[in-house]
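Taking it in order: structure first as structure tokens, then the write-up.
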Amino acid sequence: MSKTPIALSLARNLAERIVTTLSPACERIEIAGSIRRGSSTVGDLEIVAIPAHGSGLFPQSNGPSRLVPLLDRLAREGRLTPGRCAGEK
């Protein structure tokens with residue numbers, strides 16, 4: 001599949017919307033790649049996230065990830081299309 005580059009402003013807007021949607025289920029989430037570097041055109045959106053877990057005394061290490069159920073819900077709603085990704089789900 002070939003990539004069609006888009007303008008940095010559009011890519012940043014899309015990435016910020018994704019970050020806003022996913023951030024409640026993340027300990028930390030950041031826009032990365034060519035958007036972070038400020039390239040004039042962007043071929044893909046790269047977002048790096050550390051999922052939040054559970055709600056115990058040490059939430060980052062207790063319980064299941066809160067990100068996976070959110071991603072599954074977004075896929076069921078048609079807001080996310082499962083596909084290739086470089087990292088783990």
* **Check against side chain to side chain contact (heavy atoms under 4.5 Å, CB included), Glu16 and Val19** => CA-CA 5 Å; Glu16 287 172 352; Val19 166; 5.6 Å; no
* Decide side chain to side chain contact (heavy atoms under 4.5 Å, CB included) for Ser23 and Ile29; before the verdict, give the C-alpha distance in whole Å, the side-chain angles of both, and the deciding distance to 0.1 Å. => CA-CA 6 Å; Ser23 64; Ile29 186 166; 3.9 Å; yes
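Using modelled atom types, no side-chain atom of Ser39 and backbone atom of Thr41 make a donor-acceptor pair closer than 3.5 Å. Side chain of Arg12 to backbone of Arg36: no donor-acceptor contact under 3.5 angstrom is found.
In this structure, CD1 on Ile6 lies 5.5 Å from CG on Leu14, to the nearest 0.5 angstrom. If you take CD1 on Ile35 and CD on Glu46, they are separated by 8.0 Å, rounding to the nearest 0.5 Å.
Under the 4.5 Å side-chain criterion, counting only non-hydrogen atoms from C-beta, Cys26 is in contact with Leu67. Using a 4.5 Å heavy-atom threshold, the side chains of Ser34 and Val42 count as touching. A heavy-atom distance below 4.5 Å is found between the side chains of Leu71 and Leu22. In this structure the side chain of Thr21 reaches within 4.5 angstrom of the side chain of Arg79, judged on heavy atoms.
Minimum interatomic distance between Ala15 and Leu45 (heavy atoms only, all atoms of both residues): N-CD1, 4.3 Å.
With hydrophobic clusters built from ILVMFWY side chains whose heavy atoms lie under 4.5 angstrom apart, Leu10 shares a cluster with Ile47.
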